[in-house]
Asker: 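The following block contains the structure, expressed as structure tokens.
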2 protein chains.
Amino acid sequence: MARAANGRTVTSKDVARVAGVSQSTVSYVMSGKRPISEKTRRLVQDAIDQLTYQPNAGARALASQRTQVIAVVVPFDSTLGAAGLMAFIEEITLAARQHDHDVLLVTAEEGGDGLRRVAGGALCDAIVVMEVRTADPRAAIARDLRVPTLFIGFPADADGLHCIDFDFEAGARLLVTELAAGRRVAVLGWGPEATERDLNYVPRFRRAAQEAAAAQGVALDWVPVERDRVEAQVQDVLAAGHRSLLVTTELTRVVHAVRSAGLQPGTDLDLVALATDADATGFPVPVTAVSTHPRDVSRQAMAWLFGLLEGNSGEAQVRSVPASITRRRSVRDPLPGPTPPVPPA
Amino acid sequence: MARAANGRTVTSKDVARVAGVSQSTVSYVMSGKRPISEKTRRLVQDAIDQLTYQPNAGARALASQRTQVIAVVVPFDSTLGAAGLMAFIEEITLAARQHDHDVLLVTAEEGGDGLRRVAGGALCDAIVVMEVRTADPRAAIARDLRVPTLFIGFPADADGLHCIDFDFEAGARLLVTELAAGRRVAVLGWGPEATERDLNYVPRFRRAAQEAAAAQGVALDWVPVERDRVEAQVQDVLAAGHRSLLVTTELTRVVHAVRSAGLQPGTDLDLVALATDADATGFPVPVTAVSTHPRDVSRQAMAWLFGLLEGNSGEAQVRSVPASITRRRSVRDPLPGPTPPVPPA
DNA sequence: TTGTATGCGTTATCAC
DNA sequence: GTGATAACGCATACAA
């Protein structure tokens, strides 16, 4: 519709009048859903340009049952941190625009009702849910929504749902392997907040890390990091003689604490992390890390989602995004050879 | 509309049928735009509940010319950083929901076309533009959009626009005053990226800082921080004998660098910053800082915006959100007295 | 206090 | 290849 210079709204009817064709022809020119002679196509297109016509989204949605909108459920208080969240959101938005869709924000705070609201009100054509919990009430709700819903993360009962996530298990194996040259490993892992939140990737990572350590015959201590006690916790770990640290959260504070203790990663001890590249490289000594690749996860999620919207409905399923490790300078004796492939379970 | 158990869409007509009233009555019950007898109100409400009816957003928008959507233009690559951005977005989303609106994300990358797209297509009732530039082409475009547009930041030509921002001038004065006990001040200020981006608050802050320093008879050196050279730049500044540092960006790296040089803020030198509370308190020695209060700015922006939408159209104008300083432990001899009020220009 | 009827701006089915 | 025309689901002016 847009607005004409005179302030009135421009509709496809106006375009039709100017172009000297019927309104339906205008619609078909825009959608390309039926053959149009080159002559009328030009006529219509010129009228559109001249009037700067833009179709009315509401009317279009009403008539076509398509909103061209993807709703994204955002956990603003995510333990992921703002940077990770933004990476997800940006990538999702980009992908959406590439498919001529827009993104509607829904706060995770709204819970399952939020899903019902945007789906039931026909505000969107699909939903992306971030930071899924193990026992996530939204799983059941999503099952009988009128729109396809994609979960980033794996709920315990993923049956009939579309779920995708980073391969935390493989990430854990890579990190443990990188450290475990016969030394015992201390994991500065997600703490109470993450556990209380029932984040599904925490146990996934933890179990895989423990299994990998066991398989290599080294001990693994899991220290649940508390945001406000990092300094003390790191001191304890170091005092206990640990010199192989695996950090999954609060990397900045941990590195600070290590340096406060007069130790240097890569020189006095080994430190690896699960962190974004930006976080891992933000220190004087860049940290060897497995990135959770939020952008890759988002991209794949959106590719999948648009596949679903185009009818390649595909069975509900669960997908993983591969892990890889980037060696930097925070480990004293990196294992020989190039960055290893993902180790099998 | 939602969906009935049978999978069909539920409309207000269905509700009307079940309640034994006319469709318009259903509409009026929902909107409250005309008196309804308690009896039929109950009838209708029961039918709504029973059918879990939800109005169709597209139809509603089409009929009412109201989308109940606020578009937010997000600069994903903001120098503000992810945390700041998220704070803005969250607060905007919360405010929107409180007014029964939703938030549509638009990437700043789309530029002025993005504004035209969402306004012209009737995808939203209003637009919020973040991170406005001094010479911002979106200013001119916003002037003849069919929806009210609120700028967070001040373009050079704010005429006829609604603009709001943190009071960077007052912030600068507070920070300089806090440091300027006769010592010269080094400002580790926004660097090339911010300058190239033509961010309007950079010159605002800088000019005010310089004037405040001049007024107090102290010298002020402005060092444009380059993300990858922070360490060296800080060393230079310290080598030059500076012991009063004012940081506007990259606080984490600067503090790292200072500590690497063997100095401790609050003990060996004074350090104040323009930073969010979260950033300022993330160090062993919490930093005396002026917060840009992204949440306050957002809240006020949204309050203003909804005022506009409700017809309190108000003249176009420019508004500032007051600055205040929080004293922590990074300054050796804090000025006596409580946190001072905003100094006049 | 309630019902009837029209319009919002598209899409898509018929008919030509 | 093109033009009428009937939905789409709701809001609201007009009647009663």
Side-chain angles (χ1 to χ4, degrees), chain A residues 1-4 8-45 47-48 51-69 100 120-123 125 146, chain B residues 1-4 8-45 47-48 51-68 100 119-123 125 146:
Chain A
M1 20 177 277
R3 259 157 87 124
R8 233 186 82 289
T9 259
V10 174
T11 74
S12 58
K13 213 150 95 184
D14 299 313
V15 175
R17 198 168 22 70
V18 169
V21 302
S22 79
Q23 185 272 328
S24 67
T25 296
V26 175
S27 178
Y28 281 115
V29 167
M30 301 213 66
S31 71
K33 288 195 179 174
R34 89 176 175 191
I36 299 283
S37 78
E38 184 52 26
K39 185 175 124 232
T40 62
R41 222 195 51 70
R42 287 215 60 80
L43 242 42
V44 169
Q45 190 55 56
I48 287 176
L51 301 176
T52 62
Y53 164 71
Q54 289 180 256
N56 179 295
R60 170 174 282 186
L62 181 57
S64 67
Q65 311 280 42
R66 283 286 207 152
T67 61
Q68 305 292 106
V69 167
D100 196 29
L123 275 127
D125 296 333
R146 45 174 287 288
Chain B
M1 27 175 273
R3 261 155 86 120
R8 231 188 82 288
T9 257
V10 173
T11 73
S12 59
K13 214 149 93 183
D14 298 315
V15 175
R17 197 169 24 68
V18 170
V21 302
S22 77
Q23 181 270 323
S24 67
T25 297
V26 175
S27 179
Y28 283 117
V29 166
M30 301 212 66
S31 70
K33 288 196 179 174
R34 87 176 178 190
I36 299 280
S37 77
E38 185 52 27
K39 184 176 125 231
T40 62
R41 221 194 54 68
R42 287 217 62 80
L43 242 42
V44 170
Q45 191 54 56
I48 287 176
L51 301 176
T52 63
Y53 163 71
Q54 289 180 258
N56 178 296
R60 170 174 282 188
L62 182 56
S64 67
Q65 310 279 42
R66 285 286 208 152
T67 61
Q68 305 292 105
D100 197 28
L123 275 130
D125 295 334
R146 49 174 285 288

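Sequence lines set the chain letters: A, B, ... in the order given, protein chains first and strands last, and positions in each chain run from 1. Side-chain atoms are counted along with the backbone in the values below, which use heavy atoms only and exclude waters and symmetry mates.
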Asker: Have a look at A:Ser64 and say if it touches a base, only the backbone sugar-phosphate, or nothing, with a 4.0 Å heavy-atom cut-off.
Answerer: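 Here A:Ser64 touches the backbone only, sparing every base.
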Asker: Tell me the interatomic distance from A:Gln68, atom CD, to C:dT10, atom P, rounded to whole angstroms.
Answerer: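 Whole-Å distance recorded here is 14 Å.
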Asker: Please list, chain by chain and in numerical order, all residues satisfying salt bridge (Lys or Arg N to Asp or Glu O under 4.0 Å) with B:Arg42, sequence neighbours excluded.
Answerer: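 With sequence neighbours excluded, B:Arg42 shows a salt bridge (Lys or Arg N to Asp or Glu O under 4.0 Å) to B:Asp46, given in chain and number order.
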Asker: With sequence neighbours excluded, tell me which residues meet side chain to side chain donor-acceptor pair (under 3.5 Å) with B:Gln68.
Answerer: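 By the side chain to side chain donor-acceptor pair (under 3.5 Å) rule, B:Gln68 matches no residue at all.
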Asker: For residues 34-44 of chain B, which residues have at least one heavy atom under 4.0 Å from DNA chain C?
Answerer: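 Residues of residues 34-44 of chain B that come under 4.0 Å of DNA chain C are, in numerical order, B:Arg34, B:Pro35, B:Ile36, B:Ser37, B:Thr40.
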Asker: Who passes side chain to side chain contact (heavy atoms under 4.5 Å, CB included) against A:Ala61, sequence neighbours left out?
Answerer: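 Residues passing side chain to side chain contact (heavy atoms under 4.5 Å, CB included) with A:Ala61: A:Thr67.
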Asker: Return the nearest nucleotide to the side chain of A:Asn56; candidates are C:dG9, C:dG7, C:dA12.
Answerer: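 Among C:dG9, C:dG7, C:dA12, the one nearest the side chain of A:Asn56 is C:dG9.
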Asker: Mind checking side chain to side chain donor-acceptor pair (under 3.5 Å) for A:Gln65 and listing every partner two or more places apart, or none if nothing turns up?
Answerer: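 By the side chain to side chain donor-acceptor pair (under 3.5 Å) rule, A:Gln65 matches no residue at all.
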Asker: Nearest-Å distance, CD (A:Gln65) to P (C:dA12)?
Answerer: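 To the nearest whole Å, that distance equals 10 Å.
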Asker: So which heavy atom on B:Arg146 is nearest to which on B:Gly120, and how close?
Answerer: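 Minimum heavy-atom separation between B:Arg146 and B:Gly120: CD-CA, 4.5 Å.
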Asker: Does anything in residues 10-20 of chain A pair up under salt bridge (Lys or Arg N to Asp or Glu O under 4.0 Å), and if so which pairs, sequence neighbours excluded?
Answerer: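 Listed by first then second residue: A:Arg8-A:Asp14, A:Asp14-A:Arg17.
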Asker: Contact class for B:Lys33 (heavy atom, under 4.0 Å): base, sugar-phosphate, or nothing?
Answerer: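 Since only primed, P, OP1 and OP2 atoms lie under 4.0 Å of B:Lys33, the category is sugar-phosphate.
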Asker: Sequence neighbours left out, what passes side chain to side chain donor-acceptor pair (under 3.5 Å) with A:Ser37? Give chain and number order.
Answerer: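 By the side chain to side chain donor-acceptor pair (under 3.5 Å) rule, A:Ser37 matches A:Thr40.
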Asker: Within the structure shown, what part of the strands sits under 4.0 Å from A:Ser24 by heavy-atom distance: base, sugar-phosphate, or nothing?
Answerer: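 The answer is base, as A:Ser24 lies within the cut-off (heavy atoms under 4.0 Å) of a base atom.
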Asker: Write down the distance between CG (B:Leu62) and C1' (C:dG9), rounded to a whole number of angstrom.
Answerer: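 Distance check: B:Leu62 CG to C:dG9 C1' gives 5 Å.
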Asker: I'd like the 5' and 3' limits of the part of DNA chain D contacted by chain B, with heavy-atom contacts below 4.0 Å.
Answerer: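 Going 5' to 3' along DNA chain D, contacts run D:dG9 to D:dC14.
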Asker: Quick check on the helix from C:dT1-D:dA16 to C:dC16-D:dG1: what's the angle between its two end axes, five base pairs per end, to the nearest 10°?
Answerer: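 That helix has its two terminal axes inclined by roughly 40°.
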Asker: With sequence neighbours left out, what residues match A:Ala47 under side chain to side chain contact (heavy atoms under 4.5 Å, CB included)?
Answerer: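 Here the qualifying residues are A:Val15, A:Val18, A:Ala19.
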Asker: Hey, are the side chains of A:Val69 and A:Asp125 touching, using non-hydrogen atoms and a 4.5 Å cut-off?
Answerer: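 SC-SC contact between A:Val69 and A:Asp125 ruled out.
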Asker: Between A:Val26 and B:Ala63, which has a closest nucleotide on DNA chain C that is more 5'?
Answerer: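 Looking at DNA chain C, the more 5' nearest nucleotide goes with B:Ala63.
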Asker: Mind checking if B:Val21 touches a base, just sugar-phosphate, or nothing, with heavy atoms under 4.0 Å?
Answerer: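 Sugar-phosphate: the residue B:Val21, judged by heavy atoms under 4.0 Å, touches backbone atoms but no base.
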Asker: When the side chains of residues 25-34 of chain A are checked against the rest of the protein, which donor-acceptor pairs come out under 3.5 Å, sequence neighbours left out?
Answerer:
{"unit_1": "A:Thr25", "atom_1": "OG1", "unit_2": "A:Ser22", "atom_2": "OG", "d": "3.1"}
{"unit_1": "A:Ser31", "atom_1": "OG", "unit_2": "A:Ser27", "atom_2": "O", "d": "3.4"}
{"unit_1": "A:Ser31", "atom_1": "OG", "unit_2": "A:Lys33", "atom_2": "N", "d": "3.2"}

Asker: Ignoring hydrogens and angles, answer whether the base of C:dT4 and the side-chain atoms of B:Tyr28 contain a donor-acceptor pair closer than 3.5 Å.
Answerer: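 There is none.
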Asker: With sequence neighbours left out, what residues match B:Ala57 under side chain to side chain contact (heavy atoms under 4.5 Å, CB included)?
Answerer: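 So B:Ala57 forms a side chain to side chain contact (heavy atoms under 4.5 Å, CB included) with A:Leu123.
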Asker: Rounded to whole Å, please give me the gap between CD in A:Gln23 and P in C:dT13.
Answerer: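 The distance from CD of A:Gln23 to P of C:dT13 comes to 15 Å, rounded to the nearest Å.
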